[in-house]
Amino acid sequence: QLVESGGGSVQAGGSLRLSCTVSGLTLTTYRSYCMGWFRQAPGKEREGVANINWDDSTNYAASVKGRFTISKDDAKNTLYLQIHGLKPEDSAMYYCAAKLYARCSASSGPANFEYWGQGTQVTVSS
């Protein structure tokens, strides 16, 4: 089970830290895995924001590079997304996801992921 938290309503330029706690699945017991953050705005397709592999290598969408930072705490089985410089176009439901026995690349899309959270809403006002 993946549970996201940390979303909210903020003004443009603000910051948020999203968390995704994993239960029932100890990721570090797998020889390889990837976790990612995705977002979906109303009427739009779900898009990848950032992902991180078991070896801490990361990938970011071009639209968020320099503003978003993905990280994980293996001891806490938790994934994070630190967001700075929020823009109205960042408003969306944010989802975390995980896939096992795989490495993510910059082109890894939502179809590749096995486990999903329910999402946390981020709303940015101008």
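All residue numbers refer to positions in the sequence shown, counting from 1. The figures here come from the full heavy-atom set of this structure, side chains too, leaving out hydrogens, waters and symmetry mates.
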Decide yes or no for [X] and [Y]: does some side-chain heavy atom of the first lie under 4.5 Å from some side-chain heavy atom of the second?
| X | Y | value |
| --- | --- | --- |
| Asn59 | Asn53 | yes |
| Trp54 | Leu27 | no |
| Glu4 | Thr21 | no |
| Glu47 | Arg39 | yes |
| Thr78 | Val22 | no |
| Pro110 | Trp116 | yes |
| Arg103 | Cys34 | no |
| Trp37 | Phe68 | no |

Check your understanding: Taking atom CD of Gln118 as the centre, does the number of heavy atoms from other residues, nucleotides or ligands within less than 6.0 Å exceed 12?
Key -> no
Point to revise | Residues in ring pair (Phe, Tyr, Trp, His ring centres under 6.0 Å) contact with Tyr33, at least two apart in sequence or another chain | key: none
Practice item. Return each pair, listed once, that meets ring-ring contact (aromatic ring centres under 6.0 Å, His included) where at least one residue sits in residues 77-111; pairs must be two or more places apart or across chains. Key: Tyr30-Tyr101
Practice item. Answer yes or no on whether Lys99 is positioned over the face of Phe113, meaning its NZ or CZ is under 6.0 Å from the six-membered ring centre and within 45° of the axis. Key: yes
Review point. Is the backbone N or O of Ser5 less than 3.5 Å from a side-chain atom of Ser19, with the two atoms forming a donor-acceptor pair by type?
Key: no
Practice item. Determine yes or no for a side-chain-to-main-chain donor-acceptor pair under 3.5 angstrom, with Arg46 supplying the side chain and Gln40 the backbone. Key: no
Point to revise | Value rounded to 0.5 Å, distance of CG in Leu81 from OG in Ser71 | key: 8.5 Å
Check your understanding: So how far is it from Leu2 CG to Leu25 CG, rounded to the nearest 0.5 Å?
Key -> 7.5 Å
**Study point:** Residues Ser105 and Ser107: side-chain donor-acceptor under 3.5 angstrom
**Key:** yes
